[in-house]
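Everything on this sheet refers to the single structure shown next.
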There are 2 protein chains.
Amino acid sequence: MARRKEFDPEERMEKARDLFWEKGYNATSMEDLVQTMGLNRGSIYDTYGDKHSLYLQCLGNYAAEKLREHKEAALGTSPIEKVENMILSVVEATVNTGKCCMAVNSTFELATVDQSVHSIINNNWKDIVNFFEQLLTDAKKVGEISQDKDPRLLAEFIAANFTGLWQTYILSRDKKQVEKLAQFLIDMIKH
Amino acid sequence: MARRKEFDPEERMEKARDLFWEKGYNATSMEDLVQTMGLNRGSIYDTYGDKHSLYLQCLGNYAAEKLREHKEAALGTSPIEKVENMILSVVEATVNTGKCCMAVNSTFELATVDQSVHSIINNNWKDIVNFFEQLLTDAKKVGEISQDKDPRLLAEFIAANFTGLWQTYILSRDKKQVEKLAQFLIDMIKH
DNA sequence: AATATTTTGGAACAAACGTTCTGAATAGTA
DNA sequence: TACTATTCAGAACGTTTGTTCCAAAATATT
């Protein structure tokens, strides 16, 4: 049999993911990746395929982790409280790390021209919207939101607003500003 | 004296702008620009400077034109009607051209790492928010929106929602979907 | 211990990148 | 008409790009 890998593919991929996340796809060179991942070029190609393939894996990894985090953030005794905490946790993560959503970055850089990227992000987006929809349906049943609201539409509205929050944060770099907008969104949902 | 330029610098810059708009900054090569602008490399460098400088001029041009368009779209007999028409015109322009906002694309591709880009977009963003704020202040005075609303915050919320609409459009490519979200936003403002 | 299979590090590749340079063409001024 | 400043077209520049290749090192099985 053969020699074993000296590194953990998952762990190194996350290093690549963080670099793509920070710089974007096109601005990240293979040389950057070699340095950041601490791997040889050959090892990268053997393990992950070419740059584009590696990127897709990073994006998929990110999307899966993000969905998990969203669900973990859905804490609370009532559905609407869960929704609220999800929104607050997105804001908190953004201002704490200073980073926005990799999938959203990717949407605007690549999704219009790259079908594979579009597919990964779109599926992730749908998963998140579906999760919100479920919670909002519950909230409606319990009477926490008004009966004339459409849970699906409201879920899509919330998800779309995340992107707005990130845009606002990139431009203002103002924690308070983003928190105010998020709170406004939450108030809007409740009434 | 010397030979005169055989082309209109403004007109050719708009060709470059449209290409950057479509492909993004990093994915657009100088060769692409030479082809699309129909100019010699030397002429481009002489007239606009290097690639980055050309991009900044394109982005500035875009921002100015976009602000003008926003103001032109503010038709109506009452302030809130103007706001409504501005929102609807953004949706209409998006689904008609199939293109999103260049400044938003640029925010997510470059604004986090490029101070000049950040500055151009941020100023444009502020101009748009200020314009909304003025209209909403008027609307509040006239009693078209409730007295407990903060015009500034509402203006920022609307602007942020544009980004959400564009993200939604890129992923869904669904005209109806975006229109529904926009209408939801409008209803929210009014109530 | 020998074998077989895979990883590793780094050299090497052609192509594409952004940019500069050169000489010929052009046209307003003297 | 001669002069001069500028544009034009395209070759050429040195880097950087993404990718491939190769010999040496490594290890689980035979």
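To find a chain, count down the sequence lines: A is the first, B the second, and so on, and within it residues start at 1. Given the structure is predicted, the values throughout are model-derived calculations rather than measurements.
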Measure CG/A/Asp32 against P/D/dT17 and give the value in whole Å, please. 7 Å

Heavy-atom donor-acceptor pair, B/Asp50 side-chain to C/dG18 base, under 3.5 Å: no

Starting from B/Val113, can I reach B/Val117 by hopping between I/L/V/M/F/W/Y residues whose side chains sit under 4.5 Å apart? no

Looking at B/Ser29, I'd like to know whether one of its side-chain N or O atoms comes within less than 4.0 Å of OP1 or OP2 on C/dA16. no

Assign each of B/Asn40 and B/Lys51 the nucleotide of DNA chain C bearing its closest heavy atom; nearer the 5' end lies the nucleotide of B/Lys51

Is there a side-chain contact between B/Ser43 and the phosphate of D/dC8, meaning an N or O under 4.0 Å from OP1 or OP2? yes

Can you classify the ring geometry of A/Phe108 versus B/Phe108 as parallel (below 30°), tilted (30 to 60°) or perpendicular (above 60°)? parallel

Could you tell me if the side chain of A/Tyr48 sits less than 4.5 Å from the side chain of A/Arg12, heavy atoms only? yes

Would you classify A/Asp46 as touching base, sugar-phosphate or nothing, given that sugar-phosphate means primed atoms plus P, OP1 and OP2, and contacts are heavy atoms under 4.0 Å? base

How are the rings of A/Phe184 and B/Phe157 set relative to one another: parallel (under 30°), tilted (30 to 60°) or perpendicular (over 60°)? perpendicular

In whole angstrom, give the distance that lies between atom CD of B/Gln35 and atom C1' of C/dA16. 14 Å

Using a 4.0 Å heavy-atom cut-off across all strands, classify B/Thr28 as base, sugar-phosphate, or nothing. sugar-phosphate

Would you kindly give the OH-to-P distance between B/Tyr45 and D/dC13, to the nearest whole Å? 17 Å

A/Glu31 CD to C/dC17 C1', straight-line distance once rounded to whole Å: 16 Å

Between D/dT17 (C1') and A/Tyr25 (OH): distance, integer Å: 11 Å

If you measure only the distance, is there a donor-acceptor pair under 3.5 Å linking the side chains of A/Asn105 and A/Glu109? no

Side chain of B/Arg41, base of C/dT19: donor and acceptor closer than 3.5 Å? yes

Closer to the 5' end of DNA chain D via nearest nucleotide, is it A/Ala27 or B/Thr47? B/Thr47

Gap between atoms CD1 and C1', on B/Ile44 and C/dT20 respectively (whole Å): 14 Å

CG of B/Leu39 versus P of D/dT7: gap in Å, rounded? 12 Å

Could you give the NZ-to-P distance, from A/Lys23 to D/dT16, as a whole number of Å? 13 Å

